[in-house]
Each structure stands twice: as structure tokens, then as C-alpha cells.
K.L.:
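Would you mind keeping the following structure in view while I ask a few things?
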Amino acid sequence: MSVVAIVLIFLFAVIVSVFISRLLSEKIPLPLIQIAVGACLSIFGFEVAFDPHLFLFLFIPPLLFLDGWRIPKEALFQEIKPIMSLAIGLVVVTVIGMGFFIHWLIPSISLAIAFALAAILSPTDPVSVSAMTVNSPLLSRMTHILEGESLLNDATGLVCFSFAVGAALTGSFSIASATGQFLLVALGGAAIGLIVAGVIGRLNQFLVKRTGEDPAIQILISLLMPFIAYLLAEHFHVSGILAAVVAGIAMHYEKIVGRMQAATRMQSKAVWDTVQVALNGMIFILLGEQLPAMWKILPEVTQSAGATNPWAVVGYIIVITIGLAVLRFSWVWVSMSLTVFRSPNKRLSRHDLRLMAIMATAGVRGAITLAGILTLPLLMTDGSPFPTRDLAIFISMGVILCSLLIATIALPILTKGLSEDLPYENDEIRTRLALNEAAIAHINELMNQPCEDLDEMSLRNEAGSHLLEIYSRRLDSEDSVQEGALDLKRLFSMERQLSRSALKIERDTLQQLRKSRHISEHIFHRLRHELDLKEEALNHHLS
């Protein structure tokens, strides 16, 4: 089957899975539905020759770049201590602790391969984390920590994985050499990501000032940037994944890449949302497509594990998943106690423990684990088969599924009744009012400017008075609402609901005018686009 046909089938499967999820009222997380769809494709004879290196290149850089671009940068740097403790400390502890545990649990897996397996199981996947928390909203601070961890621990896990595989192939390993190589790979990848974003951004600014901004071209530049960063970093043998992440983070800063026009931002959001939905869905469908083939080799896997019963291998997967969960919860407990919940003479409350349990449960494995474990070499340096390769792949896929299932069941229970703190809402209200005050002051300034044309001055005053009435209404509502920020927020929410209802009437009326041919097609499309922009703005406020 051609590559084009495979891509089209996968995209169609993504569409089908999303509609199934909506028909089920999103009671089952979308990733699990997509895995089931992928498994059905494989059962009915659809097979894909999976190239993990190509998968890493095509899927992972744009998704991590997008996550780095969209993650709140202030929150990322404010929470850098807990993020780094999870992204580096937890990965290293998992590699060492779970490596020895896996070797003890399954002696047929050598210590080096056990370390490699533990390394590739250590990164959490931002795609899986975001997908599994859609119906279980987390506190904003917790979300930022989890997103930051999943962005940065991929590079740590993959570097540790490559060291462990190298040790398995050569039979030698040096901690000093590995530490130095790790720093070189990580810092080199981050530096290349900054360089790529800076060079492309400055060059783009230079050209835009002289030729104008074309939204389509700006979107193409953003789509190419993660691949450029990844390829350049891999060329210099440093972390391409970290380069893509850092390039995405640098996209936030206007001094580096310039300020986008509103039209560019809106169109870019639509394009990247489409890319994200397509790539996320294809990742999980591909995982499901690989499962039946792995199940067929279960007898061989059982033999390589030194077990007599195939269900023993399933038991190994469950035990390893539990071990990863216990280790993660223990590290989260220690790390969060020293960073996030650090306070003298204060004992951890039940609420704090609940938040820790949520953070531990949300550590879902996904695409990085799948792609990484499949890059295990087929042969050793002497030409013999790589030992227990199929067993390591089978265990990795099993752990991915188990972590998804655990998150599906536990997260809704743990997050039930969890609400955002009121100070965050107060900040939003104060910011909205400050924006209104600034707009009113500017409109008054414009209205007071002299103008030789009396008709233009009259028109400007009339338009300004209309705008002042709209902006002043919100400030007046602040004086009339004495019950606090919650009532004011409800007032804004009601205003948006009424605006959406009015927009619907405008849309219906416009449609009727076009059907009756009272307006031309050109006017219809132009006014419909304006209504689309208004609705998108309202949807953005409601999201």
C-alpha cells in the first residue's frame, strides 16, 4: 500500500474516532477510542511497515514545538524547580531504580537492556497528558508543571535510553562519560533551538518590514521551524527533540520572532489545531495498529521471558506499571514537598496529598515510549539477534496501555470537585477592567483632538460616544456589583451568552437575505467572515 493511501486511511480513522467520541458524549477518552480503531484496522488486514526513526521525525518535533509555543512562559519559568526535578531527577531515578527492578523481576533481561527499557518508560507524553485531562480539568499550576515536565523529560529519557542501548551493544559504560555527553547533548539541542528561532525570526522580521505580512507564508514558516531545528540538531549529534521544544518556547518572544498580526494569529491557530488533532490521532491509531501484531508473538515473548504461561508476561506488565506509579508518587511527594508545598512548620494536608496523587496519575506514557522502544537495534555488533528485543517492545506497549487505563479511571475520581483559586479570577477581572479604562481614556483623547472637517468631527464624536457607552457599561457594573468577583464574572459570562445569541440571529438573517437574493454573494461572504471573527473571539473567551 502506498504512503499516500496509508495517510488518507489514518486521517479518515481520526475523523471516525472523533465522531465516535462525540456520540459517546466523550465518556471514553479519545486516545483509547483511537487505539481501538487502530486495532480494528489491523484485524481487518491493514498493516503498516512502521519506521520509528521516520515517526520520530514527522510526528514528535511539530507536536513538541507546538506545546512549547503554547505553554505559558511565565508559569514555565516560575515552576522551573519542580519541573526540572521531575524532568531530570525523576527520569534518572526511574532509570536506575526501575532498571534494577526489571532485571530482578525478569532475569532474562540483561541489566543494560533493563536500564534501556526503564529509560524509555520514564518520559511522560504531553500528547497523552493533555488528551487524558480533557474531561478532568486540573488546576492551572498543576497543568503547567505537568506540561513543562513532559516537554523536557523526553530528551532526558531518550539520551539515557541511547546510553543504555550503547552499553548493551558494547558491554561497557562510564558514568563520567555519560554525564558529560548528556550535558553536551541537552545544552547543544537547546542552543540550536534558540539559534534557529532567532535567525529565522530576525530574517522574517526584516523581510516582513519590506514586503508586508502574508498570513499563509508566516504559517508555513512556523510549520517548517520544528523540522529545521530537529534536523540541524541531529546533524550535530545533539538532542533534536529538545531543539524543537526550545524553538517553540522562543516563538513566544516578540524580540526574536516579531509580533504577528491578528489575522495571522487566528489563521495560525486554526492550522496548528488541525495539525495537532491529525498527528495526535494518528499516533494513537498507529499504536492500536501495532497491538495485534505484538499479541501474535506472545508465545515467543513468553519463551524469551523464561516464563511458562503467557499470562505471566501480562503480570510482569502490571507489576512494572505499579512499580512506575509507586516510584513516581514517591518522587512527586518528595519533590513537591521541597518546592511547591514548601512551608515551615506546616504539615501536608489531605488536599496537598490529593494534588500529588493527581500529578502522579497524570504521568501517562505515549508516543515517545512507542517510537523510542521500536528503535532498538535488530542485531548486536557481532551479528547475533538483539536479546529480548520483542519482550522489551511488548512490555513497553503494555505499560502505555495500562497507564492510559489507570488515568482514565483514576483522574475523574481524583479531580472531582477540584476548582481554581479565586485570586486567579480576581486577576482576570482586574485586567479586564484595566483594559476598559485604557480604551475609554484613548477614545476620549481621540474625540478631543481638533479637526478642520466639521462633518468628520461630528461623525467621530458620534462613533466615540457609542463606544464609550459600551466600555463604560462594564465599569459601571463594577460599582453596582458589591458581592465580589464571582458575580462580576457571571455578569461577563451572561454578556457573552447574549452576544452569541444575537450573533446567531444575525447569521440566520444574513442567510435569509442571501437565499432571497437581496444581497450579492460577495457581500454575503464578507459579512459572514466578520460574524465568524466575532464568534471565534467569543469562543476564545469561553474556552
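Being a predicted model, the structure only gives us computed values, none of them experimental.
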K.L.:
Taking R328 for its side chain and M359 for its backbone only, find out whether a donor-acceptor pair lies under 3.5 Å.
P.N.:
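Yes: the side chain of R328 pairs with the backbone of M359.
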K.L.:
Under 30°, 30 to 60°, or over 60°: which ring-plane class applies to W295 and W311, parallel, tilted or perpendicular?
P.N.:
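Answer is perpendicular, since the angle exceeds 60°.
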K.L.:
Any idea how F100 and F115 line up, ring-wise: parallel (<30°), tilted (30 to 60°), or perpendicular (>60°)?
P.N.:
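Geometry flag for F115 against F100: perpendicular rings.
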K.L.:
In the structure I gave you, are the side-chain heavy atoms of L279 and F59 within less than 4.5 Å of one another anywhere?
P.N.:
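Yes, their side chains come closer than 4.5 Å.
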K.L.:
Got a second to check how far L64's CG is from Y230's OH, nearest 0.5 Å?
P.N.:
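Separation between the atoms: 10.0 Å.
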K.L.:
Find the distance between CD1 (I113) and OG1 (T388) and round it off to the nearest 0.5 Å.
P.N.:
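OG1 of T388 is found 4.0 Å from CD1 of I113.
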K.L.:
Does E300, at its CD atom, have more than 12 non-hydrogen atoms belonging to other residues, nucleotides or ligands within less than 6.0 Å?
P.N.:
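It does: E300 CD has more than 12 such atoms within range.
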K.L.:
Let's go through S17 and F12 carefully: what are the C-alpha distance in whole Å and the side-chain angles of both, what is the deciding distance for side chain to side chain contact (heavy atoms under 4.5 Å, CB included) to 0.1 Å, and is it a yes or a no?
P.N.:
CA-CA 9 Å; S17 65; F12 179 73; over 6 Å; no
K.L.:
Can you measure from CE (M225) to CH2 (W69) and round to the nearest 0.5 angstrom?
P.N.:
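Separation between the atoms: 8.0 Å.
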K.L.:
Taking all non-hydrogen atoms of both residues, which atom of G240 and which atom of A233 are closest, and how far apart?
P.N.:
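In this case the closest contact between G240 and A233 is CA-CB, 3.6 Å.
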K.L.:
Contact between I373 and I395 at the side-chain level, heavy atoms closer than 4.5 Å - yes or no?
P.N.:
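They are not in side-chain contact.
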K.L.:
Can you give me the closest heavy-atom contact between A114 and G99, atom names plus distance?
P.N.:
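That would be CB-O, 3.3 Å.
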K.L.:
I need the minimum non-hydrogen distance between G193 and V246, along with the two atoms involved.
P.N.:
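The answer is C-CG1, 4.2 Å.
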K.L.:
Stepwise, does the side chain to side chain contact (heavy atoms under 4.5 Å, CB included) test hold for L32 with F284?
P.N.:
CA-CA 8 Å; L32 293 180; F284 290 111; over 6 Å; no
K.L.:
Run the numbers on Q34 and N280 for side chain to side chain donor-acceptor pair (under 3.5 Å), then give the verdict.
P.N.:
CA-CA 10 Å; Q34 289 169 339; N280 285 354; over 6 Å; no
K.L.:
Once rounded to the nearest 0.5 Å, what's the spacing between atom CD1 of I217 and atom OG of S222?
P.N.:
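I217 atom CD1 to S222 atom OG measures 11.0 Å (nearest 0.5 Å).
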K.L.:
Test side chain to side chain contact (heavy atoms under 4.5 Å, CB included) on V245 and F65 and set out the steps.
P.N.:
CA-CA 5 Å; V245 170; F65 174 85; over 6 Å; no
K.L.:
Hey, are the side chains of D67 and E147 touching, using non-hydrogen atoms and a 4.5 Å cut-off?
P.N.:
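No. Closest side-chain heavy atoms not under 4.5 Å.
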K.L.:
Hey, are the side chains of I28 and I20 touching, using non-hydrogen atoms and a 4.5 Å cut-off?
P.N.:
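In short, these two side chains do not touch, never coming nearer than 4.5 Å.
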K.L.:
So how far is it from R354 CZ to I413 CD1, rounded to the nearest 0.5 Å?
P.N.:
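These two atoms lie 11.0 Å from each other.
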K.L.:
Supply the atom-to-atom distance F394 CZ to L291 CG, rounded to the nearest 0.5 angstrom.
P.N.:
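Taking CZ in F394 and CG in L291, the distance rounds to 9.0 Å.
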K.L.:
Do you know the tightest heavy-atom contact between A312 and A307?
P.N.:
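Distance-wise, the nearest heavy atoms are CB-CB, 3.8 Å.
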K.L.:
Quick one: does T274's side chain have a donor or acceptor within less than 3.5 Å of a partner on A270's backbone?
P.N.:
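Answer holds: yes.
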K.L.:
Quiz question: by atom type and distance under 3.5 Å, do the side chains of S335 and S85 form a donor-acceptor pair?
P.N.:
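Per modelled atom types, S335 and S85 side chains form a pair under 3.5 Å.
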K.L.:
Within the structure provided, determine whether S122 and L90 are in side-chain contact (heavy-atom separation under 4.5 Å).
P.N.:
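No, every pair of side-chain atoms sits at 4.5 Å or beyond.
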K.L.:
Does one side chain, of T124 or N153, offer a donor that lies under 3.5 Å from an acceptor on the other?
P.N.:
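Present: a donor and an acceptor within the cut-off.
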K.L.:
Would you confirm whether E79, through its side chain, and I145, through its main-chain N or O, come within 3.5 Å as a donor-acceptor pair?
P.N.:
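The answer is no, because no donor-acceptor pair under 3.5 Å joins these two groups.
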K.L.:
For P310 versus T302, what's the shortest heavy-atom pair and its separation?
P.N.:
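That would be CA-OG1, 3.3 Å.
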K.L.:
Using atom types as modelled and distance alone, determine if a side-chain donor or acceptor of R389 lies under 3.5 Å from a backbone N or O of L374.
P.N.:
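Answer holds: yes.
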K.L.:
Please check if the side chain of T361 supplies one atom and the backbone of A357 the other of a donor-acceptor pair under 3.5 Å.
P.N.:
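Yes, T361 side chain to A357 backbone: donor-acceptor pair under 3.5 Å.
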K.L.:
So, for A112 and A167, which heavy atoms are closest and what is the spacing to 0.1 Å?
P.N.:
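Closest approach of A112 to A167, heavy atoms only: CB-C, 4.2 Å.
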K.L.:
Could you check F10 against F46 for ring-ring contact (aromatic ring centres under 6.0 Å, His included), going step by step and ending with a plain yes or no?
P.N.:
CA-CA 10 Å; F10 268 50; F46 180 80; 5.6 Å; yes
K.L.:
Given the rule in the side chain to side chain contact (heavy atoms under 4.5 Å, CB included) test, do L146 and L86 qualify, once you have shown the distances and angles that lead to the verdict?
P.N.:
CA-CA 9 Å; L146 289 171; L86 294 172; 5.7 Å; no
K.L.:
Please check this pair: side chain of S384 against backbone of M380, looking for a donor-acceptor N/O pair closer than 3.5 Å.
P.N.:
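Pair absent, no side-chain N/O of S384 close to backbone of M380.
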K.L.:
Can you confirm whether I320 sits close enough to L121 that some side-chain heavy atom of one is under 4.5 Å from a side-chain heavy atom of the other?
P.N.:
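The answer is yes; the side chains approach within 4.5 Å.
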K.L.:
Kindly say whether I120 contributes a backbone atom to a donor-acceptor pair with the side chain of T369 at under 3.5 angstrom?
P.N.:
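Confirmed, T369 side chain pairs with I120 backbone.
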K.L.:
Looking at L183, V185, V238, L184, which hits side-chain contact (heavy atoms from CB on, under 4.5 Å) with V159?
P.N.:
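Single pass found, and it is V185.
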K.L.:
Measure the shortest side-chain to side-chain distance between D154 and S239 over non-hydrogen atoms and say whether it is less than 4.5 angstrom.
P.N.:
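Side chain of D154 against side chain of S239, heavy atoms only: no contact under 4.5 Å found.
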K.L.:
Side chains of I109 and H103, heavy atoms from C-beta outward: is any pair under 4.5 Å?
P.N.:
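Counting from C-beta outward, I109 and H103 never come under 4.5 Å.
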K.L.:
Can a donor-acceptor pair be found, under 3.5 Å and without considering hydrogens, that links the side chain of R365 to the backbone of G363?
P.N.:
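Side chain of R365 to backbone of G363: a pair is present.
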K.L.:
So W104 and F101, would you call those rings parallel, tilted or perpendicular, with 30° and 60° as cut-offs?
P.N.:
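It falls in the tilted class, 30° to 60°.
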